There are 2 protein chains.
Amino acid sequence: MDETATETAGRKRPIRGKSNTQHAVEVLKNLILENRLASGSNHLESELAEMLGMSRTPIREATLILEAQGLVEVKPRHGVRVLALSSEDMAEIYDVLTELESLSAELAARKKHPSGEFHPAEQAIQKMDDALNAGDLEAWANADELFHSELVRLGGNRRIGNICRMYGDQVRRARKVTLHLRPKPTKSNDAHRDVLQAIRNGEAEQARKIHRDHRVQAKLMLVSLLEQYGFHTV
Amino acid sequence: MDETATETAGRKRPIRGKSNTQHAVEVLKNLILENRLASGSNHLESELAEMLGMSRTPIREATLILEAQGLVEVKPRHGVRVLALSSEDMAEIYDVLTELESLSAELAARKKHPSGEFHPAEQAIQKMDDALNAGDLEAWANADELFHSELVRLGGNRRIGNICRMYGDQVRRARKVTLHLRPKPTKSNDAHRDVLQAIRNGEAEQARKIHRDHRVQAKLMLVSLLEQYGFHTV
DNA sequence: TAATTTTTTAATGTATACGTAATTTCGTGA
DNA sequence: TCACGAAATTACGTATACATTAAAAAATTA
């Protein structure tokens, strides 16, 4: 009990440069993405506050932020509800990502890039190859994610960056379910390599088309997997 | 002084079913869109709190929401900064809207719609015609906005709806500046009519292309206007 | 005077108190 | 037993207090 009291007292000020609100956002987001706060479950502010060892104030602020990001819904007397992700939801999200990432590929191809600008994207592809050879799907997924965010960065539209980052969280959530059900993603690496080459060559329409086709394929596969396996786990 | 005290005390509970936080979001958003909180200006929480006659708590919550919507930036000791909208920002926003609305047109064309589903969109076009004949640009802009949101609704992707609604606010902000500088938008009405017809006919690619071209034109016109006139007013 | 340190100020982040209203529980009557 | 209404509970929205710390101001020194 003693140490608990001390801890609680000590936790008043944030550990290091990070407000309790920010901390709560991170922790709650992780809990949701890890599926440790189940979809559809309701949680009272006071419950979350106690769970994270802080008062309701930063919790409220955090839930507002998470609500704006579409991860939870705040229902006045019913607590914070973690939003479920149906296969329809994922289809919607994939459509948005497909569109905006393809546009990013096009935009990236139209721009002049300083040398070395493509290095992170190349590295991501390399990591994907390595991970695939090693049979490490988690590593592959991380590298894949990295490539997609690089693509968006190269496109240079920061708003697209924000949107894709936001929905990226949700895709990660679904990926937990699908990653080990899907066929080995050998074609992804090729597609990514091709997009990058098209961007380098300044072939805007081509870059867009390649990425778009790749994304459309990925969506079809993912959504059918989710429908097949019910997706009640997410 | 007396009445001030009474007012402050009375404002404790929200006027009508709407929390102070929600109220603050609305009021602040309007102030920003009306350009009565200038871009780049910083405002302390306490200042806004006093301005709206409530305590800092709901103001803080409101600013977090507005921050998530990209209207302001909360900088710890410098207050709430209203984000400026440069012509580059508008270009970014237009690119996103172009892409997502065009996709919506495509999606709408692929779907079966119950009869009467197109009624609101038709009405919006009619209003645009009327407004244009009457020379009422504000009315035209409102009807135009309505059509765009209808288009997105017909597409059926709720996430696109959220994104477009969000950026719609910012477009409205810029429109304040450009509406009376741009040439009369006679072609818009035709384009809208054509999209709607294509959707009706189930011509998905066609619908997408028409709307896309229209949007690209609009973007070029708008961005060049903004560059020309500096846009320092927004 | 300019630079640097100290002091002061004040805005924020957080906890907490409390009134309000929604929900639930309980009790009453049909 | 069920429906309905009253009382009790309690989660939330908001105000407020307060400690922390960044920024500004003042003072000291070179």
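Please read all numbers here as calculations on a predicted model, not as lab measurements. Every chain is numbered from 1 and lettered A, B, ... according to where its sequence line falls, protein lines coming before strand lines. Values reported hereafter were calculated over all heavy atoms of this structure, with side chains retained and with hydrogens, waters and symmetry mates removed.
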With rounding to the nearest 0.5 Å, note down the distance linking CD in E45(A) to OG1 in T57(A).
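The CD atom of E45(A) sits 9.0 Å away from the OG1 atom of T57(A).
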Rounded distance in Å - [atom1] ([X]) to [atom2] ([N]):
{"X": "L64(B)", "N": "dG13(C)", "atom1": "CG", "atom2": "C1'", "result": "11 Å"}
{"X": "L44(B)", "N": "dA24(D)", "atom1": "CG", "atom2": "C1'", "result": "14 Å"}
{"X": "R60(B)", "N": "dG13(D)", "atom1": "CZ", "atom2": "P", "result": "16 Å"}
{"X": "M54(B)", "N": "dG19(C)", "atom1": "CE", "atom2": "P", "result": "20 Å"}
{"X": "H43(A)", "N": "dA11(D)", "atom1": "NE2", "atom2": "C1'", "result": "16 Å"}
{"X": "I59(A)", "N": "dG13(C)", "atom1": "CD1", "atom2": "P", "result": "16 Å"}
{"X": "E45(A)", "N": "dT16(C)", "atom1": "CD", "atom2": "C1'", "result": "14 Å"}
{"X": "K75(A)", "N": "dA21(C)", "atom1": "NZ", "atom2": "P", "result": "20 Å"}

Kindly determine whether H43(B) and H78(B) satisfy ring pair (Phe, Tyr, Trp, His ring centres under 6.0 Å), including the steps that lead there.
CA-CA 8 Å; H43(B) 302 273; H78(B) 299 270; over 10 Å; no
Ion pair present between E117(B) and R153(B), side-chain N to carboxylate O less than 4.0 angstrom?
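The answer is yes: the pair qualifies as a salt bridge.
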In terms of the nearest nucleotide of DNA chain C, which residue is placed more toward the 5' end: R56(A) or Q22(A)?
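First, find each residue's nearest nucleotide; the 5'-ward one identifies Q22(A).
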Hey, does the side-chain of R77(B) have a donor or acceptor N/O within less than 3.5 Å of a partner on the base of dG13(C)?
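No, the side chain and the base share no sub-3.5 Å donor-acceptor pair.
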dA15(C) base / T57(A) side chain donor-acceptor hit below 3.5 Å:
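Side chain to base: pair present.
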Aromatic ring proximity, centroids under 6.0 angstrom, H113(B) and H119(B):
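No, they do not, as the ring centres are separated by 6.0 Å or more.
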Do the side-chain N or O atoms of [X] get closer than 4.0 angstrom to the phosphate oxygens (OP1, OP2) of [N]?
{"X": "N20(A)", "N": "dT14(C)", "result": "yes"}
{"X": "H78(A)", "N": "dA11(D)", "result": "no"}
{"X": "S46(A)", "N": "dT10(D)", "result": "no"}

Taking the six-membered ring for Trp, are H192(A) and H148(A) parallel (under 30°), tilted (30 to 60°) or perpendicular (over 60°)?
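Plane angle over 60°, so perpendicular.
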